[in-house]
Amino acid sequence: MTIAQWSDDYKTGEKEIDKEHWGLFALINDLNEKRLHGADEKSIASTLYALVAYVDVHFEHEERLMEETGYPELDSHKKAHEALDRRVMEFQDAFLGSPETFDFEALMDFLSNWLQQHILKLDMDFAAYHKKRQGEGGSA
Ligand SMILES: [Fe+2]
């Protein structure tokens, strides 16, 4: 079952960012598949690790692009990233600490909210800014 359905609505128009967002959807769906099919702890933990690592790389990439383009909302966007990062690591710790009692529903709710709230709002705001700047003949 696909819980995170990729659609054009999520396309920011930033090619690399979109590719990474797509990868994020894929990992979330992978995680969901694994838990639905009763995958073993090790296998779920490895997808969780992959997710955390992917998120870090992706956030760094986004923030670098924001820096390069002089995005005025960089600080608040970074804070939003930090909060997401912290939360996903808390989930990872909780899973590793006690996989039997781990609340998968809460993790999935958190992840799908993230895709909807963060990408559709904050990342879109940046993409609109960047597009406008490029239209104005800005350097980035
Ligand atoms: Fe972002």
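Residue numbers run from 1 in the order of the sequence given. Counting starts at 1 for both ligands and their atoms, following the listed order.
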What I want to find out is whether Glu90 reaches Arg86 closely enough, with some N-O distance under 4.0 Å, to be called a salt bridge. no
With salt bridge (charged side-chain N to carboxylate O under 4.0 Å, His left out) as the criterion, how do Asp125 and Lys121 come out once you've worked through the C-alpha distance, each side chain's angles and the decisive distance to 0.1 Å? CA-CA 6 Å; Asp125 286 349; Lys121 176 77 186 89; 2.8 Å; yes
Report whether Leu84 and Leu122 are members of the same hydrophobic cluster (ILVMFWY, side-chain heavy atoms less than 4.5 Å apart, transitive linking). no
Under 2.8 Å from the Fe ion (ligand 1), which protein N, O or S atoms do you find? Ignore water molecules. Glu62 OE1, His77 NE2, His81 NE2, His118 NE2, Asp123 OD1
Parallel under 30°, tilted from 30 to 60°, perpendicular over 60°: which one fits the rings of Tyr129 and Phe126? tilted
Would you tabulate the side-chain donor-acceptor contacts of residues 53-65 under 3.5 Å, counting partners in other chains and residues two or more places apart, or write 'none'?
unit_1	atom_1	unit_2	atom_2	d
Tyr54	OH	Glu20	O	3.3
His58	ND1	Glu20	OE1	2.6
His58	NE2	His21	NE2	3.1
His58	NE2	Glu62	OE2	2.9
His61	ND1	Glu20	OE1	3.2
His61	ND1	Glu20	OE2	2.6
Glu62	OE1	His77	NE2	3.2
Glu62	OE1	His81	NE2	2.9
Glu62	OE2	His21	NE2	3.2
Glu63	OE2	His81	ND1	2.8

Test log, rule salt bridge (charged side-chain N to carboxylate O under 4.0 Å, His left out), inputs Glu82 and Lys78: CA-CA 6 Å; Glu82 274 162 26; Lys78 263 189 181 170; over 6 Å; no
